[in-house]
There are 2 protein chains.
Amino acid sequence: MTTSCEKCPLRKIDFFDDMTKDEVEKTQRFKAGELTVDAGTPILMEGSNAPQVYTALRGMGLRYKLLPDGNRQVINFIFPGDFIGLQAGMMGEMGHSVEATTNMTLCVFDRSDFFEFFKSSSDRAFDITWIAATEEHFLGDSLTNIGQRDAISSVAWALVMLFRRADALNMVHNDEMPLPFKQQDLADALGLSLVHTNKTLARLRSRQLAAWADGKLTVHDLGELAQVAGIELEEMKKRPLI
Amino acid sequence: MTTSCEKCPLRKIDFFDDMTKDEVEKTQRFKAGELTVDAGTPILMEGSNAPQVYTALRGMGLRYKLLPDGNRQVINFIFPGDFIGLQAGMMGEMGHSVEATTNMTLCVFDRSDFFEFFKSSSDRAFDITWIAATEEHFLGDSLTNIGQRDAISSVAWALVMLFRRADALNMVHNDEMPLPFKQQDLADALGLSLVHTNKTLARLRSRQLAAWADGKLTVHDLGELAQVAGIELEEMKKRPLI
DNA sequence: CGAGGGTTTGATGATAGTCAAAGTGAGTGG
DNA sequence: CCACTCACTTTGACTATCATCAAACCCTCG
């Protein structure tokens, strides 16, 4: 009872590029099945030679790296539509782990078919590369954030990014989006301690800039939050869907 | 008097994938010319819609982002063989700036030919995507470094990365590699202040782990340095050349 | 010889980390 | 239905790492 690409709910979202009938069909043929996992389930392990790659269809998750000393760096947060396992697909080995934060449904593609799919159309190959380049762009921004901003700006930046992403996916209603992560996850994403992250969130809350509680993030004026983050909001570009 | 791809000195280095005669020819046809720039010259600007993409042929440089407040984040250091401008090629806009640190020679490719080149062979398209995925992998590591390691480990990590990269390019002789950057560049790469970076380098020097002076980095025992960094050394994989 | 870019060093202070404990709410079992 | 546990959040007190400020030093260059 899997979702056919034909009826994929993500494709209806304006944030994603339109696909030709042919592209939809090719993708459908490439799709090996669907994977449904519970919250907390590991999906890909760093260093593993994953036999499959995925597209997040429903639910949220996170990518992270573990250090020998037990520290964890959260690389980023996974939203519906995200392509997962590009590194495994290209290089045969993941540079980070991926796990589900909520229940998730993933479209499954066999890595053995990946190169075939890549070859099948240079437009689709271009899409995959586009995604990789975009990811690189985002990681550069993250690096800049962790490296150069102090805690309050850094947290504000992260919340702006999350909120805009959610907005693009029509997940914002009444200035509120679902944010089913733990403060520890955000702390690990920003390279801050849990305690300091908590206190920083409290400051943003008392300044009426952003309130995150019970798995929901509320932002009334994204512009003000962006100002604290020290960024100006740009138009979000449409992205391809695999 | 440009270097022909046929005689490209980089291709002789074992670190790079072999290329078929056909690939060499295709690349040659794609190559629009050569650019020679002096140390300190900006090559690409963040946000610009660059009409060209490059491969570093000789010399070193760096990628960086500037923040409104004047802070700078160095994204990474550019070595010979690095492909520059992927984001511009794919998305039409750079997410960071690039500038030459030493005199540099760059192979120039017209962006307008880029898609053509991409289409010309799915193997070459795959190479480009591979590079993007590798870059993403590295940025994840950098993020982890800045986010989770303290100053001494962080600096050690960076020096290990630089040294291994140089070694792969046969730039290491007598435990010594050229490192023509300023301490400020490293500081900006690691999100540390110049002063603290300087003192941390002094600590590594006094512990006999790494000595960087006069544009040369000397490391006698990379294993020990890696230990301070908290990483284990892995085999370097060959990479494609564009 | 003076200027300027880069490096080095010392002193001081603030931001963020660590430690510890209490609060909150959901879920479980007696 | 009331403890009790467990996971997460919140708060306070203390500490340390790292940033900032300032000045000296070293070289090269004109």
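So you know, we letter chains A, B, ... as the sequences are listed, proteins then strands, and number each from 1. Predicted model only: the values in this text are computed from it and were never measured. FYI, side chains are in, hydrogens and waters are out, and symmetry mates aren't considered; it's all heavy atoms of this structure.
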Checklist entry - Which whole-number value in Å describes the distance from A:Leu201 CG to C:dA16 P? => result 13 Å
Next on the checklist: Applying ring pair (Phe, Tyr, Trp, His ring centres under 6.0 Å) to B:Tyr54 and B:Phe83, what does each step give before you reach the verdict?
Outcome noted: CA-CA 6 Å; B:Tyr54 311 92; B:Phe83 188 67; 9.0 Å; no
Checklist entry - Rounded to the nearest Å, what distance is computed from the NZ atom of residue A:Lys182 to the C1' atom of nucleotide D:dT9? => result 12 Å
Next on the checklist: Both A:Val195 and A:Ala151 contact DNA chain C. Which one's nearest nucleotide lies toward the 5' end?
Outcome noted: A:Ala151
Checklist entry - Atom CG of B:Leu204 and atom C1' of C:dT7: how far apart are they, to the nearest Å? => result 16 Å
Checklist entry - Charged N to carboxylate O below 4.0 Å: is that the case for A:Arg149 and B:Asp69? => result no
Next on the checklist: Nearest to the B:Asp150 side chain among D:dA19, D:dC18, C:dG17, which nucleotide is it?
Outcome noted: D:dC18
Checklist entry - Charged N to carboxylate O under 4.0 angstrom, A:Lys31 versus A:Glu34? => result yes
Checklist entry - Atom CG of B:Leu194 and atom C1' of C:dT8: how far apart are they, to the nearest Å? => result 10 Å
Checklist entry - Under 4.0 angstrom, heavy atoms only, what part of the nucleic acid is B:Gly215 near: base, sugar-phosphate, or nothing? => result nothing
Item to check | Nucleotide D:dA19, atom C1' - distance to CG of B:Asn198 in whole Å | outcome: 14 Å
Checklist entry - Could you give the CZ-to-P distance, from A:Arg149 to C:dA14, as a whole number of Å? => result 24 Å
Checklist outcome for this item: Closest of D:dT10, C:dT7, D:dT11 to the B:Gln183 side chain is C:dT7
Item to check | Nucleotide C:dA14, atom C1' - distance to CZ of A:Arg203 in whole Å | outcome: 12 Å
Checklist entry - Do A:Ser142 and A:Asn145 have side-chain atoms, one donor and one acceptor, less than 3.5 Å apart? => result no
Next on the checklist: With hydrogens left out and only the distance checked, is there a donor-acceptor pair under 3.5 Å joining A:Lys199's side chain and the base of C:dG17?
Outcome noted: no
Next on the checklist: Nearest whole Å is fine: how far is D:dA16 P from A:His196 NE2?
Outcome noted: 18 Å
